[in-house]
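To start, the structure under review is shown below, and the notes come after it.
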Number of protein chains: 2
Amino acid sequence: MWNKKTKYALKALSYIGRYFGSERKVLAKEIAEQHQISIKFLEAILLELRNAGILGSRKGKGGGYYLLRPPAEVPLSKVIRITDGPISMLTCTSLFFYEPCADCDSEPICKIRETSLAIRDSTLAILDQKTLEDIIPVRETA
Amino acid sequence: MWNKKTKYALKALSYIGRYFGSERKVLAKEIAEQHQISIKFLEAILLELRNAGILGSRKGKGGGYYLLRPPAEVPLSKVIRITDGPISMLTCTSLFFYEPCADCDSEPICKIRETSLAIRDSTLAILDQKTLEDIIPVRETA
DNA sequence: GCAAATCCTATTTAATAAGTAGGATATATA
DNA sequence: TATATATCCTACTTATTAAATAGGATTTGC
């Protein structure tokens, strides 16, 4: 299950992403109120997304957060790795967080690992292909 | 990521499954020593698997645990739901542990839910199809 | 009756997630 | 240059869950 940090991050990015292309910068406070998220917790999350190169920000009056790249160029896999850690079910099948299992005798032979690999592949096929654009609500064409 | 309970359960079931068809009953102690698992923790896990209808058991001298059905008839999805809970990334897309999201406006419209659904479907396609037989090491044909 | 095994409940400890606090730093504008 | 506004950063606290432990009750075979 995704943790709250991840759900908040996805909601926040979906919100911020709507304004990509405009000059609008989005305030942490604004998002927190919209989605009933603790402002301080959200600040920490946005900061992490910024430090990871997903968001840009500007301090002071008129400041706020904005997407650095078009929503369609930000895969969900990237976001989720930042906020939720490994996508894989076992560290020994993780691409970005690889660690051998504590008591593994042989990775090539481990049959549980095989299943974990299959799940990782199919999950990643989705999360690499889906982007922020896919989680931004479609605008009404008035 | 799967928790330790799940990894222990899969290892234990893989071990016990090898003896399906024979009269052999497997001791908790035996598995714990083989896999360096805390005996008491493992006992609790085996008990849960028993209460969920996956394992049978017999108390007292000559007792132990055994599979109730052939390994090929026990899907991994069933085991994992017992030890790890929901397979889905969001409760609102869970088949067995469904709960609406705390602050969800509309499930049919939620785009994050869509992604979670796709992941659940592809993961479940694997975990429903894979069984204990798939995680039992192949025996050498001497 | 005794030894061997599961069964059951409760408790403790460790790890992680979630949230809070307080202020430092940068920026726009009057 | 003063002020208001916003992000940035570190540390801390609290809540929740995972993992492990303890102690004995119950069942069974011999």
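Reminder, nothing fancy here: chain letters follow the sequence lines and each chain counts from 1.
- Taking the side chain to side chain contact (heavy atoms under 4.5 Å, CB included) definition, one finds that Gln129(B) meets it with nothing, sequence neighbours left out.
- For Glu73(B), the salt bridge (charged side-chain N to carboxylate O under 4.0 Å, His left out) partners at least two apart in sequence or on another chain are Arg69(B).
- Under the rule for a salt bridge (charged side-chain N to carboxylate O under 4.0 Å, His left out), Arg120(B) has no partner lying at least two apart in sequence or in another chain.
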inquiry  = At under 4.0 Å between heavy atoms, how does the protein contact nucleotides 22-30 of chain D? Give one character per nucleotide, 5' to 3', with B, S or -.
reply    = BBB-BBBS-
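- Among residues two or more places apart in sequence or in another chain, the side-chain hydrogen bond (donor to acceptor under 3.5 Å, both in side chains) test is passed with Asp128(B) by Ser77(B).
- Side-chain contact between Ile82(A) and Asn51(A) is absent, with no heavy-atom pair separated by less than 4.5 Å.
- At a threshold of 4.0 angstrom between heavy atoms, the contacts of Leu46(A) with the nucleic acid are absent.
- We find that CD of Glu48(B) is positioned 12 Å from P of dA19(D), with the value rounded to whole Å.
- For the 3.5 Å distance criterion, the side chains of Ser94(A) and Ser88(A) fail to qualify, holding no donor opposite an acceptor.
- Residues from residues 2-19 of chain B lying near DNA chain C, meaning a heavy-atom separation below 4.0 Å, are absent.
- In this structure, Glu33(A) has no salt bridge (charged side-chain N to carboxylate O under 4.0 Å, His left out) partners at least two apart in sequence or on a different chain.
- Place Ala44(B) and Asp84(B) on DNA chain D by their nearest nucleotides, and Asp84(B) ends up nearer the 5' end.
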Using a cut-off of under 3.5 Å, enumerate the N/O to N/O pairs linking the protein to nucleotides 10-13 of chain D.
none

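- Under a 3.5 Å cut-off, the side chain of Thr123(A) and the backbone N or O of Ile119(A) do form a donor-acceptor pair.
- Atom NZ of Lys29(A) is separated from atom P of dT5(D) by 9 Å (rounded to the nearest Å).
- The side chain to side chain contact (heavy atoms under 4.5 Å, CB included) check on Lys59(A) picks up nothing, with sequence neighbours excluded.
- Residue Leu13(A) forms a side chain to side chain contact (heavy atoms under 4.5 Å, CB included) with just one option from Leu67(A), Thr83(A), Ile31(A), Ile136(A), and that option is Leu67(A).
- Residues passing the salt bridge (charged side-chain N to carboxylate O under 4.0 Å, His left out) test with Lys111(A), sequence neighbours excluded: none.
- In the hydrophobic clustering, where aliphatic and aromatic side chains (Ile, Leu, Val, Met, Phe, Trp, Tyr) are joined below 4.5 Å either directly or transitively, Tyr66(A) groups with Leu68(A).
- A nucleotide of DNA chain C counts as in contact with chain A when one of its atoms lies under 4.0 Å from a heavy atom; the first and last such, 5' to 3', are dA18(C) to dA28(C).
- Note on Glu30(B) versus Arg24(B): salt bridge recorded, some NZ/NE/NH1/NH2 to OD/OE distance being below 4.0 Å.
- The phosphate of dT21(D) has OP1 or OP2 within less than 4.0 Å of a side-chain N or O from Ser38(B).
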